[in-house]
Amino acid sequence: MQKQILIVGAGFAGMWAALSAARLADKNQQHIDITVIAPQPELRVRPRFYENAVQTLVAPLQPLFDVTGIRFLQGHVEQILPGSHEVSWQDTNGENHLHRYDRLVLASGSHVNRDAVSGAAEHAFDLDQLESAAVLEQHIKDLALQPESEARNTVVVCGGGFTGIEMALELPSRLRNILGADAKTRVVVVERSAQPGGRWSQALRDVIIDASAELGVEWLVNAEVESVDAAGVTLKDGQVIASQTVIWTVGVQASDLTAQINAPRDRQGRLHVNKNLQVLGHEDIYATGDVAYAATDDKGNHALMTCQHAILLGKFAGNNAAANLLNVAPLPYRQEMYVTCLDLGAWGAVYTEGWDQQVKLTREEAKKLKMSIVSELIYPPKADRAVAFEIADPLAPFV
Ligand SMILES: Cc1cc2nc3c(=O)[nH]c(=O)nc-3n(C[C@H](O)[C@H](O)[C@H](O)COP(=O)(O)OP(=O)(O)OC[C@H]3O[C@@H](n4cnc5c(N)ncnc54)[C@H](O)[C@@H]3O)c2cc1C
């Protein structure tokens with residue numbers, strides 16, 4: 001029987017894992033059955049979900065899988081059964097199936113957790129998944145149909161991490177376009193740290209503070225959300241902010257499938273993996289992208305839940321799963337270079353290099369780079385076997 005690699009998820013990590021596994025089999029002139037199971041044969045470009053026209057931020061994958069000999073099954077994996085080397089999955093007609101694997105690559109991503117505070121699940125919006133981001137986009141457009149009020153004109157962004165900042169700084173101009181230039185709009189970021197960008201370098205924090213001030217985005221620091229309801233947000237100190245638009249951005253968790261594997265996980269539910277991205281204690285299961293807690297170097301740095309890490313983690317995981325079946329030496333995952341490129345709305349953007357976040361570019365220069373990253377670099381390669389395999393090499397140049 002042909003050896004089988006099964007990849008769960010067709011995000012950044014899953015797509016690249018499939019291509020990288022297919023590349024190595026091709027290079028060694030051997031055949032491995034490579035199957036991807038995911039809800040859609042498309043890459044959903046999550047890093048852009050703070051933008052308008054969210055429904056268009058997807059890229060088809062079927063043509064790419066067709067030219068590279070990757071089988072795609074549309075559905076959801078429900079259970080991982082390591083004992084029998086199978087997963088149970090449900091197709092789009094609701095029928096259940098079992099799929100055998102020799103090597104499993106778990107690439108099922110992450111999701112924001114809106115259950116952390118009372119009322120957030122019912123009354124807050126998020127921009128984590130295509131569907132929820134589209135609901136938020138429509139809601140913001142529909143504010144124009146509501147009577148003028150403080151609550152209509154105020155957006156509260158809960159959490160001042162990268163996602164919260166990109167959303168918040170995009171909002172002043174979007175609200176002006178929708179509600180009119182004279183509307184008294186207010187965008188407030190509620191942040192638990194003592195200052196904006198609390199954990200980041202002083203240089204990056206200064207840029208964020210400057211951009212927020214110029215765009216009129218307010219920060220409430222040392223502040224925590226107690227509850228959310230239809231009228232707005234109540235903070236732990238009792239302060240109430242009237243708002244029809246509360247956006248939740250904190251508490252991202254790895255896919256729940258990680259809990260089905262008996263192995264150590266970090267606070268966010270990510271599976272601990274070794275240098276080859278095998279889950280500890282499970283040599284035939286690889287974890288990659290947002291579900292992997294992986295060391296990037298020997299200095300104590302670990303991959304973050306970012307697309308930048310998911311792409312390379314995917315390439316290494318797919319390569320190593322195939323290498324394991326082909327009796328080829330694996331490539332230990334390394335990703336020493338770490339950059340951030342943060343969209344700061346009408347102010348521009350900021351680009352930093354290194355884990356100490358040295359600011360290298362700001363404003364328009366950084367914005368151009370941001371646009372090229374999110375509209376070109378992170379998109380799938382064209383449906384050309386040779387091109388895709390060249391880029392799928394884990395050692396091909398990448399940031
Ligand atoms: C609003 C926002 C902004 C962001 N901005 C940035 C940024 O600027 N820079 C950056 O580097 N990163 C950014 N990120 C993070 C980045 O998007 C993620 O780290 C990246 O998507 C992770 O890739 P992944 O392949 O691990 O998971 P995902 O891209 O989430 O893909 C997971 C895949 O698994 C599938 N799946 C899930 N459950 C199952 C199941 N049970 N069965 C089968 N398939 C399943 C999903 O449908 C999907 O195909 C941002 C994220 C968000 C939400």
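Remember, it's 1-based here, ligands and their atoms both numbered in the order they're listed. Only a predicted model underlies this, so the values are computations on that prediction, with no experimental measurement involved.
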Checklist outcome for this item: Honestly, for L127 the part within reach of ligand 1 (heavy atoms, under 4.0 Å) is both
Checklist entry - In terms of atom number and element, which parts of ligand 1 are under 4.0 angstrom from non-hydrogen atoms of H76? => result 42 (N)
Item to check | Per-atom contacts, ligand 1 versus A38 - under 4.0 Å to a heavy atom | outcome: 43 (C), 44 (N)
Checklist outcome for this item: Closest heavy-atom approach to atom 12 (N) of ligand 1 among G314, C307, G161 is made by C307
Next on the checklist: Applying side-chain hydrogen bond (donor to acceptor under 3.5 Å, both in side chains), can you list everything that pairs with E336, at least two apart in sequence or on another chain?
Outcome noted: R334
Next on the checklist: Out of all atoms in ligand 1, which are within 4.0 Å of some heavy atom of G11? Include the element for each.
Outcome noted: 25 (O), 29 (O), 31 (O), 33 (C), 48 (C), 49 (O)
Item to check | Selection from A133, P47, G9 by shortest heavy-atom distance to atom 5 (N) of ligand 1 | outcome: P47
Checklist entry - Does the pair R152/D142 count as a salt bridge with the N-to-O cut at 4.0 Å? => result no
Checklist outcome for this item: If we number the atoms of ligand 1 from 1 as shown, the ones under 4.0 Å from a heavy atom of A310 are 22 (C), 23 (O)
Checklist entry - For ligand 1, which atoms have a heavy atom of G289 less than 4.0 angstrom away? => result 26 (O)
Checklist outcome for this item: Contact region, I37 to ligand 1, non-hydrogen atoms below 4.0 Å, reads backbone
Item to check | Flag if over 12 foreign heavy atoms under 6.0 Å of CD, E390 | outcome: no
Checklist entry - Who gets closest to atom 15 (C) of ligand 1 by heavy atom: R46, K370, M305? => result M305
Checklist entry - Which residues pass the salt bridge (charged side-chain N to carboxylate O under 4.0 Å, His left out) test with K3, sequence neighbours left out? => result none
Checklist outcome for this item: Note: ligand 1 atoms sitting under 4.0 Å from heavy atoms of A107 are 32 (C), 33 (C), 34 (O)
Next on the checklist: Tell me the nearest of V77, L304, V339 to atom 42 (N) of ligand 1, using heavy-atom distances.
Outcome noted: V77
